[in-house]
Amino acid sequence: MQYDFDRVVDRRATDSVKWNNAEMLAYGADTLPFWVADMDFTVAEPIRRALAARVEHAVFGYAVTPESYFSAVCGWYARRHNWQIDPETICFSPGVVAGVSYLLALLTEPGNGVIIQPPVYHVFARQIAEAGRRVVDNPLRLGADGRYEMDFADLAQKAADPNNKVMVLCSPHNPAGRVWREDELRRLGEICFANDVFVISDEIHNDLLRDGVRHICFPTLFPAEKNRIVTCVSASKTFNLAAFECASVIIADNTLRQRYQEYLQKTIRLHGPSALAAVATTAAYAEGEEWLTQLNQYLEHSLDWLADFVSAQLPAARLIPCDGTYLAWLDVSAYAPDTAALCKRLLAEAHVYFEEGELFGTGGAGFLRINIACPLSMLREGMARLASFLLQEQNGR
Ligand SMILES: Cc1ncc(COP(=O)(O)O)c(C=O)c1O
């Protein structure tokens, strides 16, 4: 079927984090949010149908996780990513962030270093610090062509410190928009494993890809190192199911998996996805492909529009090429180097909510992160407000 991603759906009545948080409520009903990474689109019809049928049944006693859930996850990864996952290795987590936190608790001691690659998804640094571990930055480098690259010499140095036990890899990378190439992932793995650094690969954005771009699941490159890799995936970003709080943590190492399951079941008393989360995830992976194809086409078109808009209306800004994710990363430093202050003023005066680059750590200042997963009409309006604000600033108002 043909999906209509142009359709504007009012989310204000649904207690959405994006539309109903304190900032949004404070600045008036015309405020447009481009921040937190969920989408303003309705889900694929097979997901809606499966949920409706389960709700219609109307008995919601304790549930077990059906085998069909695990085979849907495995089927998706075999078909779409050429990764044969043993269903036994799929562990539950109520979100990727939660999974990373549990893993840090199991893999590190207080004071140990955890390597990340800023500017990067800001929750990593927060959760590492909150767990009493040390954030070790291996900053990305912005190449002359405007694309981000990993700094392997710096990584080798950080990995060689025996106190640094784990690396959290963001693949594809939010917000740098990179879908890492095979040679990059191989080099990263070689450095980490040579130094006994465990890799947690957060691949939550792995289905949101531009035309012709292929994501490589990290463990497929290192079968011999499978016990030093854990991969976190979820249907939540791909299919807009964040409200169900359901992710898969793929742990090949039997001992670590057993410790993880014990932690989940005995320490924090979690047993598996909720019944509705399992229904939504199963339908998504089993029947969501057609919707995803159309979504990726829509996002591609929106990004093309954004690139044209930036070069025509904000010529001093630089849009970083985005191979994957629905998060655009826009360098506006020529207009406003202090993007934290800029974002506050944009919210209060122009009623648009972008996230400031500073939030994403080293190298983030001067950038805005723009969530483009909304109808193009909304993106157009938000960008028009941004451009008019920046140009007025430039002309001294
Ligand atoms: C790289 C990355 N990891 C994890 C998350 C959040 O995942 P979850 O909602 O499953 O905790 C996000 C959300 O934006 C993300 O970008």
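Whatever order the structure lists ligands and atoms in, that order sets their numbers, starting from 1.
Atom 15 (C) of ligand 1 has its nearest heavy-atom neighbour, among Glu203, Glu245, His205, in His205. Of the candidates Val168, Val123, Val97, the one placing a heavy atom closest to atom 11 (O) of ligand 1 is Val97. Nearest-heavy-atom check against atom 1 (C) of ligand 1 across Val233, Leu241, Asp202 picks out Asp202.
The shortest N or O to N or O distance between Asn174 and ligand 1 is under 3.5 Å.
Of all protein heavy atoms, the one lying nearest to atom 12 (C) of ligand 1 is Tyr121 CZ, 3.4 Å. Nearest to atom 8 (P) of ligand 1 among the protein's heavy atoms is Val96 N, 3.4 Å. Nearest non-hydrogen protein atom to atom 7 (O) of ligand 1 is Ile204 CD1, 3.3 Å.
Hydrophobic clustering (ILVMFWY, side-chain heavy atoms < 4.5 Å, transitive): Trp180 and Tyr326 are in distinct clusters.
Aromatic ring orientation, Phe124 versus Tyr121: perpendicular (interplanar angle above 60°, classes split at 30° and 60°). Between Tyr285 and Trp76, the ring planes are tilted. Angles from 30° to 60° get that label. Using bins of under 30°, 30° to 60° and over 60° for the plane-to-plane angle, the ring pair Tyr148/Phe367 lands in the tilted bin.
Proximity of Ala37 to ligand 1, defined as any heavy-atom pair under 4.0 Å, is confined to the side chain (atoms from C-beta onward). At a 4.0 Å heavy-atom cut-off, ligand 1 touches Cys170 through the side chain alone.
At least one donor-acceptor pair closer than 3.5 Å links the side chain of Thr220 to the backbone N or O of Cys217.
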Name the atoms and distances for all side-chain donor-acceptor pairs under 3.5 Å in residues 299-306, with sequence neighbours left out.
residue: Glu300; atom: OE1; partner: Asp211; partner atom: N; Å: 2.8
residue: Ser302; atom: OG; partner: Tyr298; partner atom: O; Å: 3.2

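Residue contact check for ligand 1: Ala242 places no non-hydrogen atom closer than 4.0 Å to it.
Which parts of ligand 1 touch Lys237 is read off a 4.0 Å heavy-atom cut-off, strictly below it: atoms 12 (C), 13 (C), 14 (O).
Checked against the 6.0 Å centroid criterion, the rings of Tyr263 and Tyr260 do not qualify as a close aromatic pair.
Between Asp40 and Lys18, at least one side-chain nitrogen of the basic residue sits less than 4.0 Å from a carboxylate oxygen of the acidic one, meeting the salt-bridge criterion.
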